[in-house]
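A short worksheet on the structure shown next.
Read the numbers this way: they start at 1 and go in the same order the structure lists the ligands and their atoms. Numbers for residues simply follow the sequence, beginning at 1. The basis for the numbers below is simple: all heavy atoms, side chains too, and nothing from hydrogens, waters or symmetry mates.
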Amino acid sequence: MKQLCVELGEKSYPIYIGSNLLGQQTLMQKHIKSKQVLIVTNTTVSALYLEKVIKSLDTFQVETIELPDGEQYKSLEYLTKIFDLLLEQKYSRNATLLALGGGVIGDMGGFAAACYQRGIVFIQIPTTVLAQVDSSVGGKTGVNHPLGKNMIGAFYQPQCVIADIDVLDTLDDRHLVAGIAEIIKYGLIRDLALFEWLEKNMSLLLARDKEALAYVIERSCINKAEIVAEDEFESGIRAILNLGHTFGHAIETGMGYGMYIHGEAVAIGMGYAADLSHRLGWISIQDVDRIIKLLKQAQLPVIPPKEMDVAQFVELMSVDKKNVDGKIRVILLEAIGKAALPISVDQQLLEQTLRDYGQ
Ligand code: NAD
Ligand code: GLY
């Protein structure tokens, strides 16, 4: 097992990465501070892993809430169901909420833990590649609103992250690939060596080679932990983690949550970001081609949905947490392996990218 640390002073916490972690009682119980434990999960993950988790927590008073599976349920309506249960069952302030699932469950469970009695102990057990390399680390929690993705939420750090690589065996290919988009993102924003490793070893990842998966999960978590340690509340450098996300969120919202899954939308968004970086003269056309080639190698989509026009993109991109004074700001690349802080680009140039990229 590998152990990393997110260095945040008193709020520092470990990330455990390895095989068969769900079955390790000592590890699973280590960060729980009270008898009452609520597992928040969904129907899919519950059928696969709930029993194993409950078995590891046999000395606790464990209850479970199973939410329906899907991004469309990452909403205030379903968040309320978690609060209803916590209140009905009289959960105390020292109770523990354990999120067992992908990014949707992690974000919702974390937000519920942040809000209930102004904060209870929270543990992340991420079960998708995306959640293990990104969403479970760093404390961003929240839900979607029909008018904007992740627009209602809080920063709330977990007590620990337990990333069991074995659970990825049951993940479908589409979500495996979507998670790889976020790994490519780390390569693009600050880790050229990772980008180059991915260029050489993508076939190993797609074949679910355990060693390769463990390597990229660890490497991604190191990148994420370093950024979060430097800028927990995203007043600066943390924003580079949003490469491709402003475009991607517009696609997710514009097409209806669930049509394009997060990693797919981000992959197309990184294509847009590469194109715009080139239009600004920051990266060469060869760099753009290299980025698109890696995304395609990962079997990620790179062509934007035909259904969305420039006006709709601009409208949706104007609802983004990076925007300042109503101006759209995006993360762009100065090179492969180096992202710049958010900038507001000339509207005409942005519209050119939105019109021409992928045509
Ligand atoms: P998800 O949570 O919807 O999981 C994807 C699918 O895989 C679901 O159907 C789920 O039931 C299933 N699943 C989960 N684990 C499984 C397993 N081990 N075996 C089989 N099936 C399994 O989606 P996701 O891609 O994990 O996360 C996307 C969400 O994460 C989005 O809502 C996004 O906004 C959020 N996100 C948050 C952050 C953050 O920093 N908080 C970062 C990136 C993304
Ligand atoms: N996924 C972006 C962040 O955690 O900041």
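Here the protein heavy atom with the shortest distance to atom 35 (C) of ligand 1 is Asp107 OD2, 3.4 Å. Given atom 26 (O) of ligand 1, the protein heavy atom at minimum distance is Thr128 OG1, 2.6 Å. Of the protein's non-hydrogen atoms, the one nearest atom 31 (C) of ligand 1 is Glu71 OE1, 3.1 Å. Among protein heavy atoms, atom 23 (O) of ligand 1 sits closest to Gly103 N, 4.1 Å. For atom 3 (O) of ligand 1, the closest non-hydrogen atom on the protein side is Val104 CG2, 3.4 Å.
Any N or O atom pair closer than 3.5 Å counts here, and Glu182 shares no such pair with ligand 1. Here's the thing with Thr141: none of its N/O atoms is less than 3.5 angstrom from an N/O atom of ligand 1. Considering both main-chain and side-chain atoms, Val167 comes within under 3.5 Å of ligand 1 through a nitrogen or oxygen pair. Residue-to-ligand polar distances place Asn150 within reach of ligand 1: an N/O pair is separated by less than 3.5 Å. The shortest N or O to N or O distance between Ile105 and ligand 1 is not below 3.5 Å. Remark: ligand 2 and Asp134 share an N or O pair separated by less than 3.5 Å (distance only, no angle test). For the pair Asn242 and ligand 2, the shortest N or O to N or O distance does not fall below 3.5 Å.
By heavy-atom distance, the residue among Thr43, Ile125, Leu176, Thr127 lying nearest atom 16 (C) of ligand 1 is Thr127. When Gly153, Gly179, Ser135, Ala265 are checked for heavy-atom proximity to atom 38 (C) of ligand 1, Ser135 turns out nearest. When Lys185, Glu182, His262, Arg238 are ranked by how near their heavy atoms come to atom 5 (O) of ligand 2, first place goes to Arg238. In the candidate list Val228, Val133, Asp134, Asp134 is nearest to atom 43 (C) of ligand 1, counting heavy atoms. Nearest-heavy-atom check against atom 41 (N) of ligand 1 across His262, Lys140, His175 picks out Lys140.
Near Tyr49, meaning under 4.0 Å from one of its heavy atoms, ligand 1 places the atoms 18 (N). Applying the 4.0 Å criterion to heavy atoms of Gly102 picks out, from ligand 1, the atoms 2 (O), 26 (O).
At a heavy-atom cutoff of 4.0 Å, ligand 1 is contacted by the side chain of Lys224 but not by its backbone. If you look at Thr44 next to ligand 1, the close heavy atoms, those under 4.0 Å, all belong to the side chain. Counting heavy atoms under 4.0 Å from ligand 1, residue Val45 touches it through the side chain alone. Contacts with ligand 1 closer than 4.0 Å are made by no heavy atom of Leu168, backbone or side chain.
Between Tyr49 and the options Thr44, Asp164, Thr170, a side-chain hydrogen bond (donor to acceptor under 3.5 Å, both in side chains) holds for only Thr170. When Gln157, Lys140, Arg238 are each tested for a side-chain hydrogen bond (donor to acceptor under 3.5 Å, both in side chains) with Glu232, only one passes: Gln157.
The shell of residues lying under 4.0 angstrom from ligand 1, judged by heavy atoms, excludes Ile261. Under a 4.0 Å heavy-atom criterion, His245 is not in contact with ligand 2.
By the 30° and 60° cut-offs, the orientation of the rings of His249 relative to His262 is tilted.
Counting heavy atoms from C-beta outward, Ile180 and Leu206 have side chains that approach closer than 4.5 Å.
Taken to the nearest 0.5 Å, the CG atom of Leu97 stands 9.5 Å off from the OH atom of Tyr156.
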